[in-house]
S.K.: 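My questions all concern the structure below.
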Amino acid sequence: MEYNIDKEPFFEDSLAIVKDVFKDQLYDLSEQDFRELTIEIMDTCLLAGGDYDSENIRFYANEYIKKNFYHRFKKARGAF
């Protein structure tokens, strides 16, 4: 699900945060995967009633790791 709020002004900072959170994880994520994952995390922030604040992005990125997102994420993109 995509929202009508402009992500562009927040995207690069959010992408950097997501990459930082995931830097020590052993996931096989391409640059495109990181971009799509960042958009998904940004959408999750809004869906939960938050905004694109760096702490929100960091929180949900960590939640994705805790909830074993990888298989679902790759499967939804046809990688599994």
S.K.: For the OH atom of Tyr52 and the CG atom of Asp43, what is their distance to the nearest 0.5 Å?
M.R.: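 Atom-to-atom, Tyr52:OH and Asp43:CG are 6.0 Å apart.
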S.K.: Using a strict 4.0 Å threshold on nitrogen-to-oxygen distance, state whether Arg77 and Glu40 make a salt bridge.
M.R.: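 Judged by the 4.0 Å cut-off on N to carboxylate O distance, Arg77 and Glu40 do form a salt bridge.
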S.K.: Could you state the interatomic distance from CD (Gln25) to CG (Asn62), rounded to the nearest 0.5 Å?
M.R.: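 So the gap between those two atoms works out to 8.5 Å.
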S.K.: Applying side-chain contact (heavy atoms from CB on, under 4.5 Å), name anything that partners Asp13, two or more places apart in sequence or on another chain.
M.R.: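 side-chain contact (heavy atoms from CB on, under 4.5 Å) check on Asp13 returns nothing, list empty.
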S.K.: Would you check if Tyr64 and Arg72 make a side-chain contact, meaning some heavy-atom pair closer than 4.5 Å?
M.R.: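 The answer is yes, as the side chains (C-beta and beyond) meet within the 4.5 Å cut-off.
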S.K.: Determine whether Leu29 and Phe73 make a side-chain contact, defined as any pair of heavy atoms from C-beta on separated by less than 4.5 Å.
M.R.: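 Leu29 vs Phe73: side chains touch.
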S.K.: What's the verdict on ring-ring contact (aromatic ring centres under 6.0 Å, His included) for Phe69 and Tyr60, showing C-alpha distance, side-chain angles and the deciding distance?
M.R.: CA-CA 11 Å; Phe69 83 101; Tyr60 284 106; over 10 Å; no
S.K.: Below 4.0 angstrom, N of the basic side chain to O of the carboxylate: do Lys74 and Asp33 qualify?
M.R.: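 Yes, Lys74 and Asp33 are salt-bridged.
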S.K.: Would Glu31 and Lys19 satisfy salt bridge (charged side-chain N to carboxylate O under 4.0 Å, His left out), going step by step from the backbone distance to the final call?
M.R.: CA-CA 10 Å; Glu31 182 64 26; Lys19 285 181 175 182; 2.7 Å; yes
S.K.: Would you list the pairs meeting salt bridge (Lys or Arg N to Asp or Glu O under 4.0 Å) in which at least one residue belongs to residues 54-66, sequence neighbours left out?
M.R.: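 Those involving residues 54-66 are Asp20-Arg58, Glu63-Lys66.
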S.K.: State the CD1-CG distance between Ile65 and Asp24, to the nearest 0.5 angstrom.
M.R.: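 Interatomic distance, Ile65 CD1 to Asp24 CG, rounded to 0.5 Å: 9.0 Å.
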S.K.: Atom CD1 in Ile57, atom CE in Met42: separation rounded to 0.5 Å?
M.R.: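 Atom-to-atom, Ile57:CD1 and Met42:CE are 5.5 Å apart.
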S.K.: What is the distance from atom CG of Leu26 to atom OH of Tyr70, rounded to the nearest 0.5 Å?
M.R.: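 Reported to 0.5 Å precision, the distance equals 10.5 Å.
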S.K.: Please find the pair of heavy atoms, one from Ser54 and one from Ile17, that lie closest to each other, and give the distance.
M.R.: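 Taking Ser54 first and Ile17 second, the nearest heavy atoms are CB-CD1, 3.4 Å.
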S.K.: As an exercise, state the distance from CZ of Phe10 to CG of Asp53, rounded to the nearest 0.5 Å.
M.R.: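 The CZ atom of Phe10 sits 10.0 Å away from the CG atom of Asp53.
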